[in-house]
Amino acid sequence: MLFHSWRKSLCNRGNFFPLIQLFALSHGHVSIFHSCASVPSKYPSFRKKPSVCKKRKVVIFREFKDVNSLNDAVCVFHQLVRKEPVPSVVELAKLLRVMINMKEYSVVISFFGEMRKLGIPFDDYILTIVMNSFCLLGCAENGFSILGVFFKSGVQFNVVTFSTLMRGLFEQNKIQDAMWLFRKLVKEKICKMDEVMFGTVMNGLCKQGHTQTALSLLRIMEQGDAKPNTVVYSIVVDALCKDQMVGAAFNLFNEMKRKGITPNVHTYSSLVDGLCKFDQWEEVRLLLDEMTHLNIFPNVHTFSMLVDAFCKKGMVEDAVEVLNVMIQKGEHPDVVTFNAIMEGYCLRGEIDVARRVLDSMIDIGVKCDIFSYNILVNGYCKQKKLDEAMHLYCEISQKGLKPDIVTYSTILQGLFEVGRVECSENLFTEMQNAGHSPDIYTCGIMLHGYLKNGHVERAMSLFHRWEKQKEDAYILIYNRGNDGFFKIQKLDKARSIFDKLYSVGLHPDVIRYNVTVNGLCIEGLVDEAKELLRKMEDNRCSPDNATSNLIVNGLLKSNKTNEAMTLLKEIIQRGFPADRVTMSLLIELLLLIGEGPFLLNMIPELHLRNEK
DNA sequence: ATAGGGTTAG
């Protein structure tokens, strides 16, 4: 349907396997994708700039093209550092850059250590690469220590140094620190702000959901020297689309066109993605036409987004048709494309088909990644086939991949779901031994899993351990808890409650208490919940709407309603805040347990509050 | 000219 005009049927519509077989055949041999990078793209906009470099540069390039493994890199490095009188910093920087591309961040750091030991000179480029390596390893703090090296060795830092650091901070969710640094840089004019710096900050903000702040930064840019360019516009356009504010995204998109800042394939892809989420297929088609007319061609990302969109809606046949089109247009599907297809099949419960997709992508030479496995593992977990999931988990290491925090979280959740608490605990330990500290999702899964299986004490002790370590974690755990404990079916409802909490500037303490009260109520541990409410007051941490909501919700779930009524009465009589949601639930509850008279008594009170 | 910015899993 969508690509009607584009289609020149290659095979049966929507059938993945014949398509891929044909594809492999038409490309002659199996591992076609290995040589992908060297195949010139048929689209003018993708054509690599002709390399008009001087002789010397070509030599260097060739030198590092041979560096394909860690071993090669180590050899070349040792060759370089032995050069007399001193190796060129440019060559060293190039090698280190290659290492970053190989994701060998810790090796970069140890190379640098060796260089210092040998007294080999380094410059701002090298230091920035090392700093970036620390950041990519998730240690922005150590990145700061490189700043010390700048000072000590008298190397001048610049905007690149700081944008690297900035990205590291955002990567670790340290928005406060990042914004503090940003303001300091601007205020004290420590370095000149350029487009990339703004882009980094805006992207970091957007990833954390602060799209409006990013937008206001864009407006600030208009006043300064670094004017907004295509990338910064695209970042905000993308964020708006992700926030489902496609209209606002299009306004910004039109604005940039008006100002003569030409959108590129990223910009268009984001908009396509945003429109897909709302089933605006006609608009998608128009947009694809528009970009093609401007000689901006959909690339593998654009196509993958379309594939993903169809798959998420269960329309795998249409997704495969997109795949067909992209192959015809000469864009090679990559691991992301195939992962989306796999997810599509998993969502329909056809995990075995997804598994075969994985096999056939390996056949045609596309390397699968940890995402591929996570998608399959999730598929099995959702069907409560935990043995199969565990089997895949073992396969991951056999394939030379490493399970990541998502793999572990997925299986943990699955194990809890089928009540295998001991297995979860073992895997949780295994995860930490493998060097993954639980993130926000894992925390939520563990807490929810324990509570669901009736281990309140274990949940609480975990929670108390975490709350000491992660100050910014409460809100999300709470959100998760709200979603999980009470099965508020609509996510947007849970979200709106959450947003409300956020907008009234709710103190983390309240959320912390709420989560606890919540767990206690579910278990019918009313006395303890009551005790906790008193403690809240003692600590001058006043309960809020959410507390009431949680308690009432919890009571509705709990079978020990009569016992719990005491607590509820106390809550109401003490005049704790409650909103309309609480009220309706409350009335429901009171009727349910035959507390009509109490309800009657409460009517004036309820009425009064509803007025407010 | 050797460094820094934008899409997919839980």
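Fair warning: this is a prediction, and the values are worked out from it, not measured in the lab. Per chain, numbering begins at 1; letters A, B, ... match sequence-line order.
- Taking only distance into account, the side chain of A:N158 meets the base of B:dA3 through a donor-acceptor pair shorter than 3.5 Å.
- Between B:dT2, B:dT7, B:dG4, one nucleotide has an atom nearer to the side chain of A:V90 than all others, and that is B:dT2.
- A salt bridge is defined here as a Lys NZ or Arg NE, NH1 or NH2 lying under 4.0 Å from an Asp or Glu carboxylate O, and A:D308 with A:K312 meets this definition.
- Across the protein-nucleic acid pair, A:E195 atom CD and B:dA3 atom C1' stand 17 Å apart, rounded to whole Å.
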Contacts under 3.5 angstrom, residues 123-137 of chain A side chains, donor-acceptor by atom type, not counting sequence neighbours:
from   : atom 1 : to     : atom 2 : distance (Å)
A:D123 : OD1    : A:Y125 : N      : 3.2
A:D123 : OD1    : A:I126 : N      : 3.0
A:T128 : OG1    : A:D124 : O      : 2.6
A:S133 : OG     : A:I129 : O      : 3.0

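- Atom CG in A:L271 sits about 14 Å away from atom P in B:dT7, given to the nearest Å.
- Comparing atom distances between the A:D238 side chain and each of B:dT2, B:dG4, B:dT7 picks out B:dT7 as nearest.
- By the salt bridge (Lys or Arg N to Asp or Glu O under 4.0 Å) test, A:R348 pairs with A:E317, A:E350, sequence neighbours left out.
- The A:V231 side chain lies nearest to B:dG6 when the options are B:dA9, B:dG6, B:dT7.
- When distances are taken from the side chain of A:T128 to each of B:dA3, B:dT8, B:dT2, the shortest belongs to B:dA3.
- Applying a 4.0 Å cut-off to non-hydrogen atoms, none of the residues of residues 98-108 of chain A approaches DNA chain B.
- With sequence neighbours excluded, no residue satisfies side chain to side chain donor-acceptor pair (under 3.5 Å) with A:Q244.
- Checking B:dA1, B:dG4, B:dG10 against every side-chain atom of A:Y125, the shortest atom distance belongs to B:dA1.
- At a cut-off of 3.5 angstrom, the base of B:dG5 holds no donor-acceptor pair with the side chain of A:T200.
- Remark: A:N132 is in phosphate contact with B:dG4, judged by side-chain N or O atoms under 4.0 Å from OP1 or OP2.
- One can place CG of A:L218 at 19 Å from P of B:dG5, the figure rounded to the nearest angstrom.
- Using a 4.0 Å heavy-atom distance criterion, A:T410 is classed as a sugar-phosphate-only contact.
- Distance from the side chain of A:A93 is smallest for B:dT2 among the nucleotides B:dT2, B:dA3, B:dG4.
- One interatomic measurement links the two molecules: CZ of A:F371 to P of B:dT7, which rounds to 12 Å at whole-angstrom precision.
- Within 4.0 Å of A:D273, counting heavy atoms only, lies no atom of the nucleic acid at all.
- When heavy atoms are screened at a 4.0 angstrom cut-off, A:D334 is found touching no nucleic acid atom at all.
- In this structure, A:L127 reaches neither bases nor backbone, as no heavy-atom distance under 4.0 Å exists between it and the strands shown.
- Within the nucleic acid shown, A:M131 has no heavy atom closer than 4.0 Å to any nucleic acid atom.
- Protein atom CG of A:L412 is 20 Å distant from nucleotide atom P of B:dA9, rounded to whole Å.
- Among residues two or more places apart in sequence or in another chain, the side chain to side chain donor-acceptor pair (under 3.5 Å) test is passed with A:D273 by A:K277.
- Within 4.0 Å of A:V335, counting heavy atoms only, lies no atom of the nucleic acid at all.
- Across B:dT8, B:dG6, B:dT2, the shortest atom-to-atom separation from the side chain of A:D308 is found for B:dT8.
- Taking every heavy atom of both residues into account, A:N229 and A:E195 meet most closely at ND2-CB, 3.5 Å.
- Between A:I296 atom CD1 and B:dG6 atom P there is a gap of 19 Å when expressed in whole angstrom units.
- At least one side-chain nitrogen or oxygen of A:K312 sits closer than 4.0 Å to the OP1 or OP2 atom of B:dA9.
- Side-chain N/O atoms of A:R167 include none lying less than 4.0 angstrom from OP1 or OP2 on B:dG4.
- A donor and an acceptor atom sit less than 3.5 Å apart, one in the side chain of A:S163 and one in the base of B:dG4.
- Among pairs with a residue in residues 135-145 of chain A, those fulfilling salt bridge (Lys or Arg N to Asp or Glu O under 4.0 Å) read A:E141-A:K174, at least two apart in sequence or across chains.
- Across the protein-nucleic acid pair, A:N339 atom CG and B:dT8 atom C1' stand 7 Å apart, rounded to whole Å.
- In summary, A:R219 and A:E255 engage in a salt bridge, as defined by a charged side-chain N under 4.0 Å from a carboxylate O.
- Set against B:dA3, B:dG10, B:dG6, the side chain of A:T267 has B:dG6 as its closest nucleotide.
- Judged by distance alone, with hydrogens and angles left aside, A:N264 brings a side-chain donor or acceptor within reach of the base of B:dG6, the pair sitting under 3.5 Å.
- Note: NE2 (A:H266) to P (B:dT8) measures 12 Å, nearest angstrom.
- A salt bridge links A:R355 to A:E395: at least one charged side-chain nitrogen sits closer than 4.0 Å to a carboxylate oxygen.
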